[in-house]
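Notes follow the structure.
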Amino acid sequence: KLETMKKDFIRSEIDKMREKRVQVESDLPEVNKSLFMKLRADKEEETSGKKKKKKNKVKESLLEDSRFSSLFTDKNFTVDINDEAYKLINPVVSKLSKSSNSGGGR
């Protein structure tokens, strides 16, 4: 009984110390971080003064539309860049990632 009380006391003290720590809050989603960052970067480029294009409006709506929110929250929608289907759909991205992994090769 004394040991359990001691463990509980120690646990409560540790929890109190954890609350005092600085916690970094990230606005990045847990799922599809790279896609989210790419869409956000494209949106920032558009707002920095470049010409508005229809594609950018579509990308912007992906970030703001609640219908697409599960794309960044549900793990079932995780984009696997190593998947064969992804490589077939996005061959340029696959080639760029291969060249960056090989160290340039020049």
**Report entry** Nearest heavy atoms of Val31 and Thr78, plus distance in Å
**Finding:** CG1-OG1, 3.4 Å
Query raised in the report: Does any non-hydrogen side-chain atom of Leu39 lie less than 4.5 Å from one of Phe72?
Result: yes
Report task. Identify whether the distance between the nearest side-chain nitrogen and carboxylate oxygen of Lys6 and Glu3 falls below 4.0 Å. Result -> no
Requested in this report: May I have all residue pairs that pass salt bridge (charged side-chain N to carboxylate O under 4.0 Å, His left out) and include part of residues 70-80, sequence neighbours excluded?
Outcome: none
**Report entry** Residues which pass side-chain hydrogen bond (donor to acceptor under 3.5 Å, both in side chains) with Asp8, listed by chain and number, not counting sequence neighbours
**Finding:** Arg11
